[in-house]
Amino acid sequence: MTSPATAPATGTAPATATGAGEPPPHPAWLPPEAFRAIGARRVLVHGDGTLVDTVHDEVARACARHGGRVQRTVAGPVDLVLALRDSGPLPEAVPPAATAAPGPGGGSPGDEGFLLTRSDGVTVVLADAPAGLLYGLFHLVRLGEAAFTGEQPTRVHRPVLRRRMLDHWDNVAVHPVMGQVERGYAGGSIFWRDGRPRGDRHRLRAYGRLLASMGINAISVNNVNVGPTEALLLTDRLDDVAEIADLLRPYGVRVHLSVTFAAPVVLGDLSTADPLDDGVRDWWESTTRRVYARIPDFGGYVVKADSEGQPGPFSYGRDHADGANLLAGALAPHGGVVHWRAFVYDHRRDWRDRTTDRARAAYDHFAPLDGRFAENVVLQVKFGPVDFQPREPVSPVIAAMPATRLAVELQVTQEYTGQQWHACYLAPWWHEVLAFRLWGPAERSVADVLADVPGPGPHRGGDLVAVANVGDDPFWCGHPLAQANLYAFGRLAWDPRLDPVALLDEWIDLTFPASTVGDPALVRETLHAVLDDSWRTYERYTAPLGVGFMVNPAGHYGPGVDGYEYSRWGTYHFADRDGVGVDRTCATGTGFAGQYPPPWSQVYESLEQCPDELLLFFHHVPYSHVLHSGSTVIQHIYDTHFAGVEEVVAMRDRWSRLAGMIDPAVHDRVTERLAEQLRCATEWRDQVNTYFFRKSGVPDARGRRIH
């Protein structure tokens, strides 16, 4: 591993060590102590099925450790009942009050929900399906002793979103540029190694357990950029996928597969992959039947087509609806879905041409196709119009497709937010995205669109999907504190309305149980001090005012202010001696602002109304332009970059107070990462401030040193 002291200053993230003989992975938010409240009780598990067996096994392990007992039939008094309602008469141990209907608005728990109540000294979880019982168990783990206190009226808990999914960008064969995992910052893949299955069944089961505990019910197991070896997972190497599915099935997780649109040519020896060709349709249908014969609960396909060199329907004069509907037709008889990614743009731009705009691409491609996609097509839209930057506006595509089922895609892996070397808690940013009200303050939010809440815009419901941040690192995510991002994503996918601060509290309570740390109050206070505002801290010392991308092209780590400025990728800031920013207005720019519905189209069009944090995304302004904050643009750049570094110093100093209070391995790893974060933040500050000082010629009003 590259130490922080010798980490390259060229913008390449330090490497993460992996290898044979590694210790068992860190338990993350499921340490044995988190199960004490359940494991110390007398528990009855009632019902049958694979997931019910998983519930029983989890409780049995907890009881063996903490002195309780678990049974499948009643034998004496009990403290906790976990029961399926359709597995015959409920046990007599269930108090009559526990079977009362929930209050107004309760409704049925459905296939994945559960009812929770406590009466006459007995806590009861009732579910209509095994998955609900599994999620009910992990809800009790989150509650701890609070689940066994007082009387609690019946309440229904169920997921807001039907599909809560992680996409792994893992390569089966090591890619010559991206390695074993594209955008992987936590070591190698947990599925694959050097062209073969990794074969670590223990780690995969542990991963399934983590997924279930936060409510994730679907994953894609390979990179959306499908290479020749990865393409074979659909056919010759389907058994490798089936083995993963077998290991994750006991935790209610369905496996999906990224496929190449050119599969009929690459794998089927056809001369074409034209989506309107009968032979191509027959190939996909027969291949998909074989997939479901081997994996009956297979989830479906993930497709990146006609983007960044990946093949797609454009080669045959067809459009994205033609391509997506081809695969949807093959999947429909089996209940599968195709997630068709909307990340489509021209990556061979002429940087001299300011009339075109990468941000427009998804809307321009897909909005005209609304209403043409099959019922089981899910259009997967990145949360912002560009590429997972620390600050972007919400994608206008989410408001533009009322007749299309959507998925909003987030990035848990920290590609542009410090690559899991920087502490950067992303849930506050995701919360802002999910709470954004697309048609104005009184109308529906992004979360409402996905949940199909009544109001204007799409009414098909949708999914929340994220690019995973997990690898074979002992701490799963490289940075132990990056586990909080993975946990928070799962919980937000279950209910996008949850408070990110409350989710951080949940993660702290589970990961650092009070009985295992030296000073629980200090641990909680410190973790909040380090993480609560860490996303905005990262934003302060990197790219200002929504301009984005001033990052080293080689690995997207560290500063490269002009790294993409004259490139084909279309991610520009247009800084010159007079000003900075991209004119995306309808009046004088690319017209991107007009892709939004009112009132946002007017807000973003207006220099006076545009929010400060997105100013440079929508407008090219002089350095002397005065923000709503009262600061000029140039002074804001200087101030925030100095402040960001000071905040990282404070994070490092606060963390040092936990020495001897928590697991030394966790403390040491975070200490190492914070040292590197400070080095890199300082590099960002000095390069960005110097760049804009030399461009503008305007000195820092506070007289601080700028090189």
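As the structure is a computational prediction, the values presented were derived from the model and not from experiment. Just the heavy atoms: all of them, side chains too, but no hydrogens, waters or symmetry mates, feed the values below.
In this structure the side chain of Ile190 reaches within 4.5 angstrom of the side chain of Val470, judged on heavy atoms. Counting heavy atoms from C-beta on, the side chains of Gln380 and Val338 never come closer than 4.5 Å. Put simply, the side chain of Val302 does not reach to within 4.5 Å of the side chain of Leu257, judged on heavy atoms. Here the side chains of Leu116 and Thr154 are not in contact, with every heavy-atom distance at 4.5 Å or above. Two residues are said to be in side-chain contact when any heavy atoms from C-beta on lie closer than 4.5 Å; Gln414 and Leu426 meet this criterion. Using a 4.5 Å heavy-atom cutoff, the side chains of Thr123 and Val81 are not in contact. Using a 4.5 Å heavy-atom cutoff, the side chains of Leu438 and Phe436 are in contact. Side-chain contact between Lys382 and Ser395 is absent, with no heavy-atom pair separated by less than 4.5 Å.
Note that CG of Leu481 is 9.5 Å distant from CD1 of Ile508, once rounded to the nearest 0.5 Å. Distance check: Ile216 CD1 to Met214 CE gives 5.0 Å after rounding to the nearest 0.5 Å. For the atom pair CG (Leu115) and CZ (Arg158), the distance works out to 9.0 Å, reported to the nearest 0.5 Å.
Residues Arg164 and Asp463 are not paired through a salt bridge, judged by the lack of any N-O separation under 4.0 Å between the basic side chain and the carboxylate.
Defined by atom type and a distance below 3.5 Å, a donor-acceptor pair is present between the side-chain atoms of Glu506 and Tyr487. In this structure, a donor-acceptor pair under 3.5 Å is absent between the side chains of Thr516 and Glu33. For the residue pair Glu415 / Gln419, no side-chain donor-acceptor distance below 3.5 Å is found, with atom types taken as modelled. Side-chain contact check for Asp473 and His479: no donor-acceptor pair (N or O, by modelled atom type) lies under 3.5 Å. In this structure, a donor-acceptor pair under 3.5 Å is present between the side chains of Asn217 and Glu112. In this model, a donor atom of one side chain and an acceptor atom of the other lie less than 3.5 Å apart for Ser189 and Asp170.
Among residues at least two apart or in separate chains, salt bridge (Lys or Arg N to Asp or Glu O under 4.0 Å) pairs with a member in residues 131-150 are Arg41-Glu145. Residue pairs meeting the salt bridge (Lys or Arg N to Asp or Glu O under 4.0 Å) criterion with at least one partner in residues 43-56, sequence neighbours excluded, are Asp53-Arg72. Each salt bridge (Lys or Arg N to Asp or Glu O under 4.0 Å) pair with one or both residues in residues 55-69, not counting sequence neighbours, appears once here: Glu58-Arg61, Glu58-Arg209. Screening residues 115-138 for salt bridge (Lys or Arg N to Asp or Glu O under 4.0 Å), with sequence neighbours left out, gives Arg85-Asp128.
Other residues, nucleotides and ligands place no more than 12 heavy atoms under 6.0 Å from the CG atom of Asp111. Around the CD atom of Glu92, the shell of radius 6.0 Å holds no more than 12 heavy atoms that belong to other residues, nucleotides or ligands.
For His334, the ring pair (Phe, Tyr, Trp, His ring centres under 6.0 Å) criterion is met by Tyr292, not counting sequence neighbours. For Tyr251, there are no side-chain hydrogen bond (donor to acceptor under 3.5 Å, both in side chains) partners two or more places apart in sequence or in a different chain. For Tyr425, there are no ring pair (Phe, Tyr, Trp, His ring centres under 6.0 Å) partners, not counting sequence neighbours. Trp430 is linked by a side-chain hydrogen bond (donor to acceptor under 3.5 Å, both in side chains) to nothing, counting only residues two or more places apart in sequence or in another chain. Legend: residues meeting side-chain contact (heavy atoms from CB on, under 4.5 Å) with Pro91, ordered by chain and number and at least two apart, are Leu44, His46, Val74, Val94. Partners of Phe138 according to the ring pair (Phe, Tyr, Trp, His ring centres under 6.0 Å) rule, which considers only residues two or more places apart in sequence or in another chain, do not exist here. With sequence neighbours excluded, the residues that form a side-chain hydrogen bond (donor to acceptor under 3.5 Å, both in side chains) with Arg201 are Glu243. The ring pair (Phe, Tyr, Trp, His ring centres under 6.0 Å) test applied to Phe489 returns no partner, not counting sequence neighbours.
Contact between Val255 and Val241 at its shortest, heavy atoms only, is CG1-CG1, 3.7 Å.
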Practice prompt. Determine, stepwise, if the pair Asp297 / Arg254 fulfils salt bridge (Lys or Arg N to Asp or Glu O under 4.0 Å).
Written response: CA-CA 6 Å; Asp297 58 352; Arg254 298 179 71 177; 5.5 Å; no
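The backbone N or O of Ala83 lies less than 3.5 Å from no partner atom in the side chain of Ser87, so there is not a single donor-acceptor pair.
Among Tyr207, Phe475, Trp476, the single residue meeting the side chain to side chain contact (heavy atoms under 4.5 Å, CB included) criterion with Pro25 is Trp476.
Annotation: Trp340 is not in aromatic contact with Tyr301 [ring centroid separation under 6.0 Å not met]. For Trp535 and Trp429, the distance between ring centers is under 6.0 angstrom.
Note on ring orientation: taking the six-membered ring where Trp is involved, the planes of Trp655 and His667 are parallel (angle under 30°, cut-offs 30° and 60°). Ring geometry, Phe191 versus His168: the interplanar angle exceeds 60°, so the pair is classed perpendicular (tilted spans 30 to 60°).
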